[in-house]
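Have a look at the structure below before the remarks.
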Amino acid sequence: MAVSHSAIVILGASGDLAKRKLIPALATLFEQGEIDHTNVIIGSGRSEYTDAAFRARFDIPGDFASLLFYYAGVTGLKKFIESKGRFDQIVVFMALPPSVYSLRAKELADEGFRDETRLIIEKPFGYDYASARQLNDQLHEVYDEKQIFRIDHYLAKEAVQNILVFRFANTLFDPIWNSRQIESIQLSAFETIGVEDRGEYFDTAGTIRDMAQNHLMQLLCLMTMEAPVSLEAEEIRAQKINVLKTISIDSVYRFQYEGYRKERGVRPDSTTETFAEIKLYINNFRWTGMPVYIRVGKELNRKGTEIGIQLKPLPKLLFNQDGRVQANRVIFKIQPAEGIILDLSSKTPGSENRLAQTTMKFCYETEFDVEIPEAYQTLLLDALRGNKTLFVSAQETEMSWQKYADFLDKGEIDFYKPGAPPKTKLDVNWIDFERYGSACD
Ligand code: BG6
C-alpha cells in the first residue's frame, strides 16, 4: 500500500543532501507508486524561496513537483503544514549540521510538533561517547525514542540486508558460524577518493569516527549476532546490542595519506587518520578467541567493501599433506557489484590429483534482473512506514562509541602514499579481496 497523507519535511532543504539524494529518492518513490499524491514535501531552510523557485532547483517531473512547497525557518512551520491539509504523520528529515540537531528538535517541539512527528537524523551522531549520550539525552527531553530514526546508510545497502537472510534462511552456514570453525573475520572498506570538499568536517572526525565506529560496527553486528526471536526491529536491535556488549578492541593503528594536510579545510599539522587498522574480539560463547580485523580508509587503490570469513585450515591429511591447500572462505561483497563468493578447492581436470582454488559466485544484479534501490529510497520509505529495522537505536550508538573511547585520536600516525594501503602493522594474513574480482564477473 502506498504511503498517503504524510507531510515530509526536510530541514536544510537548500543544502546538498536534499538536492543530491533526498528529493531524487522521493521522486523515485512517487514514480514507483510507493508514495501517492496525498502527501506533501515541505522544504525548510534559512534561504527564501518561492515554491516555484524551490521546485526549479530539482530535475523532477511536474506531477511530483506539485507536491513540493517551501517554508523559511521553523517558526510557523506547523501552521504552514496544516494549511496544506490534514496529515496522519509528519516525518522530519534533519539534513542539518549535527551541532544544531538538538536545538532544532527543541524548536520543533516548541512549535507544537508532537506524537505525530518522527525525526530522521543523519550521521555523524555525536563525536564520542559523552557527546552521543548528551545528544540522546537532549533529544529524549522532547521526543520519545520511538520517534527518532538514526540513519546509518550502510544498513540500507541491499547486500547488508541480505546478511541476516543468508545466515538465518539457510541451514548450511549456522553450524560453522563460530570460533571453533572460523579463524578470523576480516572487514575491509576501501575508497579511492580522498576527503574531497569535506576536509573541514573530516579533519575533526577521522576514519574511525567516520566509518569504523558506525558503519563497520553495524556490519560486524549483523554478521555475528545470534538469531533474533522475531524479525521485529526491537528484537534485531537487542541481538546487535548483545554483540556490542561483548566486543573488546584489542588494537588500533592509524595512518594518514601523504598530501592530506594540504587538503582544503585540513589543519597543516593534522594528525587525523585517513586509514585505520583495527583488531578486536567478541567475547561471547560463539566467538571467543577469534580475532576480527578491520581495514578502512581513503585514497586507496580501489573502491570496495567486503567481509571475509576465513575458515580454519584443513587437517594435514589426504590432499593437504603439505598444508598448502587454502582453507575455505566466504566473502560478502557489500559493494560494488553486490554478491557472495565462496572460495572452494577443486580438482583440476586430468588424471593427477592436482587442486585449484575456485569460486562460486552469487551476483544480485544478474540473479534478480532489477535495479537495486538507492539507500535513501529505502530509508525514507521505511521511516514513512515506521519500520525501524534499518535505523540505529540510542543504545547501539552509545555502546559503539563507548567501545572506541580509549582509541579515538590516540597513538602515533604513520603516513602512506595515495593509491595503495599502508604496510600493515597487524600480524595478519589479510585476504586479498581484489583477487576475487567482482561477484558479477
Ligand atoms: C560516509 C562517510 O558515511 O560514508 C564518507 O562520511 C564515506 O566519508 C561514505 O565516503 C562511504 O559510503 P559508501 O556508501 O560510498 O561506501
Side-chain angles (χ1 to χ4, degrees), residues 12 15-17 20-22 24-25 93-99 101 120-128 132 149-163 187-220 222 254-257 260 263-266 270 272-276 278 294-307 332-339 364 372-380 390-392 396-397 400-401 404 408 418 421 433-434 438-439:
D16 193 45
L17 188 68
R20 275 192 313 116
K21 301 280 188 186
L22 304 180
F93 195 111
M94 294 206 174
L96 298 168
S99 55
Y101 288 159
I120 309 180
I121 299 182
E122 260 295 336
K123 63 155 285 214
F125 195 92
Y127 174 80
D128 55 13
F149 291 66
R150 293 174 197 77
I151 284 195
D152 183 314
H153 79 280
Y154 267 58
L155 292 180
K157 291 182 189 286
E158 204 64 37
V160 174
Q161 293 177 58
N162 199 32
I163 293 173
L187 282 80
S188 165
F190 279 24
E191 291 183 273
T192 48
I193 55 169
V195 293
E196 303 198 296
D197 55 359
R198 297 161 73 228
E200 209 173 317
Y201 148 73
F202 192 89
D203 204 41
T204 61
T207 293
I208 296 171
R209 289 187 177 87
D210 187 52
M211 291 288 295
Q213 173 275 335
N214 42 31
H215 305 320
L216 298 182
M217 292 303 259
Q218 285 290 330
L219 294 189
L220 182 61
L222 293 172
R254 304 188 308 126
F255 307 81
Q256 188 185 85
Y257 64 80
Y260 170 74
E263 300 271 21
R264 195 150 46 88
V266 170
S270 170
T272 298
E273 77 281 353
T274 59
F275 184 94
I278 299 162
I294 297 175
R295 277 208 297 185
V296 49
K298 294 190 184 293
E299 281 285 359
L300 302 170
N301 47 324
R302 65 192 183 87
K303 164 93 181 163
T305 308
E306 295 91 7
I307 308 172
F332 288 73
K333 285 287 290 184
I334 305 298
Q335 61 186 16
E338 295 86 342
Y364 267 94
I372 294 181
E374 218 274 321
Y376 281 93
Q377 274 172 44
T378 310
L379 292 168
L380 284 164
L390 304 185
F391 297 88
V392 182
E396 280 173 86
T397 190
S400 182
W401 276 120
Y404 281 94
L408 297 172
F433 290 107
E434 206 175 0
S438 147

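What you are looking at is a predicted structure, and each value in this text was computed from that prediction instead of being measured. Just follow the structure's listing: the first ligand is 1, and inside any ligand the first atom is 1.
- Near K298, the atoms of ligand 1 lying under 4.0 angstrom from a non-hydrogen atom of the residue are 5 (C), 7 (C), 8 (O), 10 (O).
- Residue-ligand proximity, M211 to ligand 1, at heavy-atom distances under 4.0 Å covers atoms 4 (O), 7 (C).
- Between the side chains of D210 and Y201, at least one donor N or O lies within less than 3.5 Å of an accepting N or O.
- Counting the atoms of ligand 1 from 1 in the order shown, those under 4.0 Å from a heavy atom of K303 are 13 (P), 15 (O), 16 (O).
- Every atom of ligand 1 is numbered from 1 in the order shown, and the set under 4.0 Å from a heavy atom of D210 is 2 (C), 5 (C), 6 (O), 8 (O).
- Taking every non-hydrogen atom of K123 and a distance limit under 4.0 Å, the qualifying atoms of ligand 1 come out as 1 (C), 2 (C), 3 (O), 6 (O).
- Near K157, meaning under 4.0 Å from any of its heavy atoms, are these atoms of ligand 1: 13 (P), 14 (O), 16 (O).
- Not one N or O on the side chain of R295 forms a donor-acceptor pair closer than 3.5 Å with the backbone of S188.
- Nearest protein neighbour of atom 4 (O) of ligand 1, counting heavy atoms only, is H153 CE1, 3.4 Å.
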For T305 and F332, run side-chain contact (heavy atoms from CB on, under 4.5 Å): C-alpha distance rounded to whole Å, both residues' side-chain angles, the deciding distance at 0.1 Å, then the answer. CA-CA 8 Å; T305 308; F332 288 73; over 6 Å; no

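- Contact annotation: T305 has no heavy atom less than 4.0 Å from any atom of ligand 1.
- Under the 30°/60° scheme for interplanar angles, the aromatic rings of H153 and Y376 are found to lie parallel.
- A salt bridge does not link D128 with R209: none of the charged nitrogens is closer than 4.0 Å to a carboxylate oxygen.
- Within the 4.5 Å cutoff, the side chain of I121 has no heavy atoms near those of the F391 side chain.
- Comparing Q335, E191, H215 against atom 1 (C) of ligand 1, the shortest heavy-atom distance belongs to H215.
- Residue-level proximity to ligand 1 for Y154 is carried by the side chain, the only part with a heavy atom below 4.0 angstrom.
- A side-chain donor-acceptor contact under 3.5 Å links Q256 to the backbone of T272.
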